[in-house]
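See structure below.
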Amino acid sequence: MTAASAMDHEYMARALALAARGLCSTDPNPRVGCVLVRDGLVVGEGFHAKAGSAHAEVQALLAAGEQARGATAYVTLEPCSHHGRTGPCADALIAAGIARVVYASLDPNPQVSGAGAARLQAAGIRVDSGVLAVACEALNVGFFARHRRGLPWVRIKLAASLDGRTALANGKSQWITSEAARTDVHAWRARSSAILTGAGTLKKDDPRLTVRDESLPLLGRKPLRVVLDRALLVSPSARLFAEPGPVLIITESQNTVAIEAIRARGAEVMVFAAGSGLREVLQELARRECNEVWVEAGAKLAGLFLQMGLADELMVYLAPHLLGQDAAPLAILPMLDDLQNRWRYRYQDVRAIGPDLRLTLAPVHSGEQ
């Protein structure tokens, strides 16, 4: 590709802002925005709002009408070239007479990757790529993770005091953090494909695991609620079964009576082979097209994700309190006798959420500084 101009960056930044409007609703599809520019003027804009609805390019073309002919299309992801729930966007751009296409990142979906660009070039359209690619991938981090490695992007949510404690010794934990922090959690739940917890948290807190902020534009989509319950001890009267939306219970139990009791509440029960681990769980969620998984679990399950290197991000809500040494820890991890073996993280973002801090951390992998 040729070097991108400042104008290319400006229009692509606008396309990314449009794409972000679908943050909570496009799943399992990527968040995509499109801007059409002709003779220095924006003639059409669009973004993908929901799986099954028109893609960003088609929305922008409809807005532009005949003015699309000879225009440049700025798209945050390589235009698709296959028939899914909608037709190929590459064909729509060709039919509209687009002269140039600038896209941020190559689509990691093997059904598309490179084929969309090739189809446009074969039709005589100039194609440039790589403009704000990092930002595009950050917006669609789970979509890229699922297609590249066969696993969703996993965020571990933890709420802790200044001394790293998550509950009192008697188990009481509501509420360590503020209402502002809890509202923020709902925004992260809303953008996630699945919200995952363990049987211990379900028994102790009886959470609903729902998105209860009605201002968030889910457009009818409800994240999958996943409970890991090896022995299938979950009660059919648990609150999450009373809430609308899909529920998946993953167990190793062969207890048909317990399984049918849960299925009678409208939940799906999936029986894994004995000895299956978290990786197998995440592979199954990827097979179900889950892009981002939000984990709200106790210290034991959170610690297991960390030990196995399956946490892509930690989201720690830190309250300005102290709970004391007998309170529950942030995560249960094995004892270390050498600092070289410690689990290391880097700060990605630190910001105030009401009276609390939200720390976003990424693991430091072997060989990284």
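Quantities reported herein were computed from a predicted structural model and do not represent experimental measurements. This chain uses plain numbering: 1 for the first residue, then up along the sequence. Just the heavy atoms: all of them, side chains too, but no hydrogens, waters or symmetry mates, feed the values below.
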With distance as the sole test, does H186 use its side chain to make a donor-acceptor pair with the main-chain N or O of R212 at under 3.5 Å?
yes
Okay, side chain of R225, backbone of T210: is any donor-acceptor separation there less than 3.5 Å?
no
Compare all side-chain heavy atoms of L77 with those of C136 and state whether any distance is below 4.5 angstrom.
yes
For R149, does the CZ atom have more than 12 heavy-atom neighbours from other residues, nucleotides or ligands under 6.0 Å away?
yes
CD1 on I176 to CG on D356, rounded to 0.5 Å:
10.0 Å
Answer yes or no: is there a side-chain heavy-atom contact under 4.5 Å between T360 and R351?
no
Is there a chain of hydrophobic side chains (I, L, V, M, F, W, Y, each step under 4.5 Å between heavy atoms) that links V269 to F272?
no
Taking it one step at a time, do L228 and L278 satisfy side-chain contact (heavy atoms from CB on, under 4.5 Å)?
CA-CA 9 Å; L228 306 187; L278 290 180; 3.6 Å; yes
Look at the side-chain heavy atoms of Ile, Leu, Val, Met, Phe, Trp and Tyr, link any pair under 4.5 Å apart, and say whether L93 and L106 land in one connected group.
yes
May I ask you to decide if V101's main-chain N or O and T72's side chain share a donor-acceptor pair within less than 3.5 Å?
no
List the steps, then state whether side-chain contact (heavy atoms from CB on, under 4.5 Å) holds for L240 with V227.
CA-CA 10 Å; L240 85 166; V227 180; 3.8 Å; yes
Do you know which two heavy atoms are closest between L120 and P79, and how far apart they sit?
CD1-CG, 4.0 Å
Between E284 and R288, is there a salt bridge with N-O shorter than 4.0 Å?
yes
Of I156, V295, V293, L282, which is the lone residue that meets side chain to side chain contact (heavy atoms under 4.5 Å, CB included) with L310?
L282
Which atom names give the shortest non-hydrogen contact between S105 and E137, and what distance separates them?
OG-OE2, 3.4 Å
Decide yes or no for V271 and E252: does some side-chain heavy atom of the first lie under 4.5 Å from some side-chain heavy atom of the second?
no
Verdict with reasoning, L23 to L139, per side-chain contact (heavy atoms from CB on, under 4.5 Å):
CA-CA 8 Å; L23 189 68; L139 183 63; 4.1 Å; yes
Non-hydrogen side-chain atoms of L301 and L196 separated by less than 4.5 Å:
yes
Non-hydrogen side-chain atoms of R146 and S193 separated by less than 4.5 Å:
no
Hey, does the side chain of E268 reach the backbone of P246 with a donor-acceptor pair shorter than 3.5 angstrom?
no
L285 and M308: same hydrophobic cluster, using ILVMFWY side-chain contacts below 4.5 Å?
yes
Is it true that atom CE of M7 has more than 12 heavy atoms of other residues, nucleotides or ligands lying nearer than 6.0 Å?
no
Between atom CG of L224 and atom CG of D27, what is the distance when rounded to the nearest 0.5 Å?
10.0 Å
How long is the straight-line distance from CG of L158 back to CE of M315, given to the nearest 0.5 Å?
10.5 Å
Counting distance only, does the side-chain N/O of R221 pair as donor-acceptor with the main-chain N or O of A190 below 3.5 Å?
yes
Q348 side chain vs A362 backbone, donor-acceptor pair below 3.5 Å:
no
What's the separation between atom CG in D128 and atom CG in D8, rounded to the nearest 0.5 Å?
7.0 Å
Restricting to non-hydrogen atoms, name the atom on L330 and the atom on A160 that form the minimum distance, rounded to 0.1 Å.
CD1-CB, 3.5 Å
Separation between CD1 (I98) and SG (C34), nearest 0.5 Å, reads 7.5 Å
Hey, does the side chain of T201 reach the backbone of A297 with a donor-acceptor pair shorter than 3.5 angstrom?
no
Quick check: closest heavy atoms across F241 and P236, and the distance to 0.1 Å?
CD1-O, 3.5 Å
Closest non-hydrogen contact found for H147 with P110 is ND1-CD, 3.8 Å
Chi angles and distances behind the side-chain contact (heavy atoms from CB on, under 4.5 Å) call for T26, V32:
CA-CA 9 Å; T26 64; V32 181; over 6 Å; no
With V127 as partner, the option from R119, Q121, R100 fulfilling side chain to side chain contact (heavy atoms under 4.5 Å, CB included) is Q121
Hey, does W343 have a side-chain heavy atom less than 4.5 Å from the side chain of P363?
no
Would you check if H55 and C80 make a side-chain contact, meaning some heavy-atom pair closer than 4.5 Å?
yes
For K222, is there an ion pair with E243 - N to carboxylate O distance below 4.0 angstrom?
no
Relative to W175, does R182 satisfy both conditions: NZ or CZ under 6.0 angstrom from the six-membered ring centre, and within 45 degrees of the ring's axis?
yes
Examine V112 and V141 and state if one hydrophobic cluster contains both, with Ile, Leu, Val, Met, Phe, Trp and Tyr joined whenever side-chain heavy atoms are less than 4.5 Å apart.
no
Calculate, to the nearest 0.5 Å, the distance between atoms CG and OG belonging to L216 and S25 respectively.
11.0 Å
Taking all atoms of both residues into account, what is the closest heavy-atom pair of V58 and A92, and its distance?
CG2-CB, 4.3 Å
Within the side chain of K157, is there an N or O that forms a donor-acceptor pair under 3.5 Å with the backbone of V185?
no
Determine yes or no for a side-chain-to-main-chain donor-acceptor pair under 3.5 angstrom, with R38 supplying the side chain and V43 the backbone.
no
State whether a side-chain donor-acceptor pair under 3.5 Å links E292 with W188.
no
Using a strict cut-off of less than 4.0 Å between a Lys/Arg side-chain nitrogen and an Asp/Glu carboxylate oxygen, indicate whether R165 and D326 qualify as a salt bridge.
no
Would a hydrophobic clustering, with Ile, Leu, Val, Met, Phe, Trp and Tyr connected at side-chain separations under 4.5 Å, put V37 with V102?
yes
Indicate yes or no: at least one non-hydrogen side-chain atom of E313 is less than 4.5 angstrom from one of W153.
yes
R189 side-chain N/O to I195 backbone N/O, donor-acceptor pair under 3.5 Å
no
